[in-house]
*Asks:* 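The structure that follows is given in the form of structure tokens.
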Amino acid sequence: MRLVIFALALLSSLTPQKPEWCRQLPRPAYRHLERIATKDSWFEVYRIRPGVFAIYEPHQAEEIISYLILGAKRAVLFDTGMGISNIKAVAEGLTSLPIAVVNSHTHNDHVGDNWRFEDVYGMDTDFTRTNAKGSKADAQAEIAPGEICGDLPPGFNAADYATRPFHISHWIHDRDKIDLGERVLEVISVPGHTPDAIALLDEKNGLLFTGDTFYPGPIWLFRPETDLDAYLASVKKLALLSPRLQLLLPAHNEPVAEPDNLPRVVEAMEEVRNGKVRGIPKDGNQEYVFSGFSFLLAK
Ligand SMILES: [Zn+2]
């Protein structure tokens with residue numbers, strides 16, 4: 001009997017426990033999306049609209065989503081993800097057009113593979129310039145126990161994992177337009193989550209790529225670089241666009257959301273700021289829960 005217990009204990013110590021977040025996957029929204037085959041099992045690729053692909057990383061707790069957006073002449077990769085596997089190879093498997101990188105902001109989980117690209121657009125802010133130098137601490141925290149679900153890619157070197165420095169080849173500003181040929185993407189500066197946060201508007205197709213300004217989940221607003229006044233002003237700016245939009249494409253968790261979330265986020269943030277809602281302690285921060293999303297604020 002004792003031997004059996006010992007054997008069971010040994011077995012459970014060898015079998016990695018699935019973290020809680022990962023037991024909830026796949027999220028129901030993905031059932032209705034068109035999945036596209038890709039060779040690299042670190043990623044899942046979905047066609048959201050003609051010429052718009054979501055490149056999702058479901059094996060890491062951020063559940064980051066980068067987007068490949070095609071025009072007639074060139075393509076934009078909106079974020080490059082964790083840098084744990086090779087997103088450039090995945091994107092090049094989806095299009096033969098030249099690919100430029102634009103980032104929703106320069107937190108490590110959105111710029112991980114920027115270093116692989118020559119053509120990188122960056123917001124003209126000091127925050128962007130600092131992050132382009134790379135860093136290791138934030139990247140290492142992403143692979144701490146409980147952050148990974150399933151296997152890391154073969155050949156991944158955990159000890160060396162870092163956000164590699166990258167070169168910005170074009171500086172961009174609010175309302176700049178990026179013409180891909182038969183598709184124009186407009187840069188909407190939405191500081192708040194970070195000083196360099198942007199959304200990308202594809203006006204003709206009614207699409208808004210919201211980055212981390214909106215996604216269905218706890219929206220992280222607790223880091224020192226977050227500015228809540230700026231965030232509220234930015235979501236108000238996006239909410240004005242919502243009557244003209246068909247779809248929001250967020251940077252985490254799920255690649256499709258209804259545009260009427262934007263005015264709801266404005267209302268929710270105003271309630272939080274006016275002290276009308278109570279936060280619940282969560283991982284050292286305060287979570288304010290609403291239907292379909294929540295805010296994670298510093299205590
Ligand atoms: Zn972020």
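When a ligand or atom number is given, it counts from 1 through the structure's own listing order.
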*Asks:* Would you call the rings of H105 and H107 parallel, tilted or perpendicular, where under 30° means parallel and over 60° means perpendicular?
*Replies:* perpendicular
*Asks:* Can you give each donor-acceptor pair under 3.5 Å made by side-chain atoms of residues 49-68, sequence neighbours left out, with the distance rounded to 0.1 Å?
*Replies:*
residue: Y56; atom: OH; partner: E63; partner atom: OE1; Å: 2.7
residue: E57; atom: OE1; partner: W42; partner atom: NE1; Å: 2.7
residue: E57; atom: OE2; partner: M82; partner atom: N; Å: 3.3
residue: H59; atom: ND1; partner: C149; partner atom: O; Å: 3.0
residue: H59; atom: NE2; partner: S41; partner atom: O; Å: 3.3
residue: Q60; atom: OE1; partner: E62; partner atom: N; Å: 2.7
residue: Q60; atom: NE2; partner: E142; partner atom: O; Å: 2.8
residue: Q60; atom: NE2; partner: E142; partner atom: OE1; Å: 3.2
residue: E63; atom: OE1; partner: R27; partner atom: NE; Å: 2.7
residue: E63; atom: OE2; partner: R27; partner atom: NE; Å: 3.4
residue: E63; atom: OE2; partner: R27; partner atom: NH2; Å: 3.0
residue: S66; atom: OG; partner: D79; partner atom: O; Å: 3.4
residue: S66; atom: OG; partner: G81; partner atom: N; Å: 3.3
residue: Y67; atom: OH; partner: P250; partner atom: O; Å: 2.6

*Asks:* How many N, O or S atoms of the protein are nearer than 2.8 Å to the Zn ion (ligand 1)?
*Replies:*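 My tally for this metal is 4.
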*Asks:* How many angstroms lie between CG in L180 and CG in D202, if you round to the nearest 0.5 Å?
*Replies:* 8.5 Å
*Asks:* Under the salt bridge (Lys or Arg N to Asp or Glu O under 4.0 Å) test, which residues partner R129, sequence neighbours left out?
*Replies:* D124, D126
*Asks:* Can you name the salt bridge (Lys or Arg N to Asp or Glu O under 4.0 Å) partners of K236, sequence neighbours left out?
*Replies:*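 Salt bridge (Lys or Arg N to Asp or Glu O under 4.0 Å) list for K236, sorted by chain: E270.
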*Asks:* Over 60° means perpendicular and under 30° means parallel, so tell me whether F293 and F214 are parallel, tilted or perpendicular.
*Replies:* perpendicular
